[in-house]
Amino acid sequence: MELTITQPDDWHLHLRDGSLLEAVLPHSAKHFGRAIVMPNLKPPITTTSAAVAYRESILKAIPKDSNFTPLMSLYLTDVTTPDEIKLAKKSGLVYGVKLYPAGATTNSQDGVTDLFGNCFSVLEEMAEQNLPLLVHGEVTDSNVDIFDREKVFIETILMPLIQRLPQLKVVMEHITTADAVKFVESCKEGYVAATVTPQHLLLNRNALFQGGLQPHNYCLPVLKREIHRQAIVSAVTSGSKRFFLGTDSAPHDRRKKECSCGCAGIYNSPVALSLYAKVFEEAGALDKLEAFTSFNGPDFYGLPRNKSKIKLRKAPWKVPDYLSFPFGDIVPMFAGETLEWEALPC
């Protein structure tokens with residue numbers, strides 16, 4: 001079996017910088033036309049000028065035979081200004097502003113501590129400029145159970161935000177719960193959408209502990225119960241325009257995952273399209289795969305769909321146990337396992 005689909009985009013991607021950027025970028029550029037690049041570097045990408053400079057470093061690392069285009073984002077802080085939002089929009093290179101609640105995930109220590117108290121004028125300007133807010137949707141209150149943090153964030157932050165600024169476009173990134181599905185579906189279409197990762201479609205929280213602690217299945221937001229995984233699968237395979245591909249591929253050196261305090265993040269770029277195809281095939285919805293991977297994202301962002309095509313072929317292949325680079329190894333998602341679908345290069 002072989003499918004030909006419009007070249008997909010990745011609407012949530014971590015490329016890092018330096019030697020790590022050079023190592024992982026070819027895996028994304030091999031299959032995806034564009035990607036929203038996350039800004040949580042050290043230091044974070046908080047200004048348009050920093051985003052432009054980061055984009056230049058990405059462009060230098062793109063393989064010569066690739067048509068990959070990085071779409072930049074800014075890192076929202078307590079001191080971001082409305083003028084910075086105007087600059088970002090005017091640049092034509094920044095496509096979203098990322099909300100990291102302070103302390104929520106990797107390199108989020110510079111994130112927002114009080115969204116309504118410190119950032120509301122910025123959010124108003126974003127609505128005016130039609131620049132989407134890209135949300136890591138978890139509260140960071142240590143009194144809230146880690147498995148409930150997405151649900152509580154929706155109730156205490158997102159619902160009030162949408163009520164106060166209904167004209168603001170919002171992407172709830174890497175949703176993990178039935179609560180998030182219900183929230184997105186309850187909002188006005190075209191204003192609130194969600195990205196969905198391969199891991200949250202295929203794994204539940206048992207995958208963290210089966211056969212011992214599994215650090216390469218640890219990401220944030222953390223994997224949830226099976227009932228939530230099933231709700232997300234049902235949502236994305238339904239044909240709804242509100243959900244689209246965002247891998248949240250997050251590479252870390254193996255030594256930073258397999259240690260006493262391992263980093264959050266799953267590296268899935270080499271296998272993402274194979275895994276999405278698996279999900280849609282198992283749901284009997286291969287006819288809806290192309291919209292999820294290639295149409296819903298650009299339509300939400302107001303961008304043209306890609307014109308080029310890629311092929312997905314039903315042909316078993318084994319995922320490498322690890323990928324070796326001069327700085328160390330990266331372990332990909334489903335390392336050592338055999339996948340049934342193969343994505344052919346663009």
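Values below: every heavy atom of this structure, side chains too, minus hydrogens, waters and symmetry copies.
Arg305 places no side-chain N or O within donor-acceptor distance of the main-chain N or O of Pro298, the cut-off being under 3.5 Å. Under the 3.5 Å distance criterion, the side-chain polar atoms of His252 are matched with a main-chain donor or acceptor of Ala264. One N or O on the side chain of Asp9 and one on the backbone of Arg34 form a donor-acceptor pair closer than 3.5 Å. Although no hydrogens or angles enter the test, the distance criterion places a donor-acceptor pair under 3.5 Å between the side chain of Asp114 and the main chain of Gly117. Here the side chain of Ser274 pairs a donor or acceptor atom with the backbone of Trp341 at under 3.5 angstrom. The main-chain N or O of Thr247 is found under 3.5 Å from a side-chain atom of Asn268 such that the two form a donor-acceptor pair. In this structure, the side chain of Arg242 engages the main chain of Val184 through a donor-acceptor pair within 3.5 Å. The main-chain N or O of Ala207 is found under 3.5 Å from a side-chain atom of Asn217 such that the two form a donor-acceptor pair. A donor-acceptor pair is defined here as one N or O able to donate and one able to accept, closer than 3.5 Å; such a pair exists between the side chain of Arg229 and the backbone of Leu201. Not a single donor-acceptor pair under 3.5 Å links the side chain of Asp329 to the backbone N or O of Tyr322.
Looking at Lys151 and Lys182, their side chains never come closer than 4.5 Å, going by heavy atoms from C-beta outward. No side-chain heavy atom of Val196 sits less than 4.5 Å from a side-chain heavy atom of Leu245. For the pair Pro8/Ile310, a side-chain contact is recorded, criterion being any heavy-atom separation below 4.5 Å from C-beta on. In this structure the side chain of Thr338 never reaches within 4.5 angstrom of the side chain of Trp317, judged on heavy atoms. Ile162 is listed as a side-chain neighbour of Val170, based on a closest heavy-atom distance under 4.5 Å. The side-chain heavy atoms of Met72 and Tyr54, taken from C-beta on, include a pair separated by under 4.5 Å. Between Leu25 and Phe68 the shortest side-chain heavy-atom distance falls below 4.5 Å. Within the 4.5 Å cutoff, side-chain heavy atoms of Leu208 are placed close to those of Val222.
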Notebook entry, point to check: Does the pair His216 and Arg254 meet the rule for a side-chain hydrogen bond (donor to acceptor under 3.5 Å, both in side chains), with working shown?
Noted result: CA-CA 9 Å; His216 298 289; Arg254 182 177 193 162; 4.8 Å; no
Margin query: Assess the residue pair Val192 and Phe183 against the criterion (side chain to side chain contact (heavy atoms under 4.5 Å, CB included)); give the C-alpha distance rounded to whole Å, side-chain angles, the decisive distance to 0.1 Å, and a yes or no.
Written below: CA-CA 9 Å; Val192 178; Phe183 168 73; 4.0 Å; yes
Checklist line | Verdict with supporting geometry, Glu125 and Gln129, side-chain hydrogen bond (donor to acceptor under 3.5 Å, both in side chains) | finding: CA-CA 6 Å; Glu125 188 61 41; Gln129 298 291 339; 2.9 Å; yes
Notebook entry, point to check: For Leu59 and Glu56, what are the C-alpha separation, side-chain angles and deciding distance, and is it a side chain to side chain contact (heavy atoms under 4.5 Å, CB included)?
Noted result: CA-CA 5 Å; Leu59 292 176; Glu56 287 301 315; 3.9 Å; yes
Item checked: Test log, rule side chain to side chain contact (heavy atoms under 4.5 Å, CB included), inputs Leu76 and Leu134 -> CA-CA 10 Å; Leu76 185 64; Leu134 317 180; over 6 Å; no
Next item on the list: Before giving the answer on side chain to side chain contact (heavy atoms under 4.5 Å, CB included), spell out for Tyr75 and Asp110 the whole-Å C-alpha distance, their side-chain angles and the decisive distance to 0.1 Å.
Entry: CA-CA 9 Å; Tyr75 184 116; Asp110 298 305; 3.6 Å; yes
Check: Do Asp248 and Thr197 pass the side-chain hydrogen bond (donor to acceptor under 3.5 Å, both in side chains) test, and can you show the C-alpha distance, the side-chain angles, and the key distance before you say yes or no?
Finding: CA-CA 6 Å; Asp248 192 22; Thr197 75; over 6 Å; no
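Glu281 and Lys314 are joined by a salt bridge, as a carboxylate oxygen and a charged side-chain nitrogen come within less than 4.0 angstrom of each other. Ion pairing between a basic and an acidic side chain is recognised when a charged N comes within 4.0 Å of a carboxylate O; Lys278 and Glu282 show such pairing.
For the pair Lys241 and Phe300, the cation-pi test (distance below 6.0 Å, angle within 45°) is failed. In this structure, Arg205 satisfies the cation-pi test against Phe147, with its NZ or CZ atom closer than 6.0 Å to the six-membered ring centre and inside 45 degrees of the ring normal. Both tests hold for Arg164 against Phe120: distance to the six-membered ring centre under 6.0 Å, angle to the ring axis within 45°.
Screening His31, Met333, His27, Lys30 for a side-chain contact (heavy atoms from CB on, under 4.5 Å) with Pro270, the sole residue that qualifies is His27.
Between Phe244 and Trp11, the ring planes are perpendicular. Angles over 60° get that label, and only those under 30° would be called parallel. The aromatic rings of His136 and His174 lie perpendicular to each other, with more than 60° between the two planes, well past the 30° mark.
In this structure, a donor-acceptor pair under 3.5 Å is absent between the side chains of Thr77 and Thr46. No side-chain donor from either of Glu185 and Ser240 sits under 3.5 Å from a side-chain acceptor of the other. For the 3.5 Å distance criterion, the side chains of Thr176 and Lys224 qualify, holding a donor opposite an acceptor. A donor and an acceptor atom, one from each side chain of Thr4 and Lys311, are located under 3.5 Å apart. The closest side-chain donor-acceptor pair between Ser49 and Thr47 falls under 3.5 angstrom. Checking Asn67 against Gln7 by side-chain atom types alone, a donor-acceptor pair falls below 3.5 Å. Looking only at atom types and distance, the side chain of Thr6 has no donor-acceptor partner in the side chain of Asn306 under 3.5 Å away.
Tyr276 and Phe292 have their aromatic ring centers within a separation under 6.0 angstrom.
Of all the heavy atoms in Ala272 and Phe32, the pair that sits closest is CB-CZ, 4.4 Å. Across all their heavy atoms, Ile175 and Ala194 have their closest contact at CG2-CB, 3.7 Å. Ser57 and Leu21 make their closest contact through O-CD2, 3.8 Å (heavy atoms, listed as atom of the first residue, atom of the second, distance).
With rounding to the nearest 0.5 angstrom, the OG1 atom of Thr81 is 7.5 Å from the CG atom of Leu87. In this structure, Ile266 CD1 and Ser249 OG are separated by 9.5 Å, a value rounded to the nearest 0.5 Å. The distance from the OG atom of Ser73 to the CG atom of Leu99 is 12.0 Å, given to the nearest 0.5 Å. Atom CD1 of residue Ile154 and atom OG1 of residue Thr177 lie 5.0 Å apart, to the nearest 0.5 angstrom. Here Tyr301 contributes atom OH and Leu71 contributes atom CG; the two are 8.5 Å apart, rounded to the nearest 0.5 Å. Separating the CD1 atom in Ile5 from the CG atom in Leu273 is a distance of 6.5 Å, to the nearest 0.5 Å.
Cluster membership check: Val122 shares its hydrophobic cluster with Val135, using side-chain heavy-atom separations under 4.5 Å among Ile, Leu, Val, Met, Phe, Trp and Tyr.
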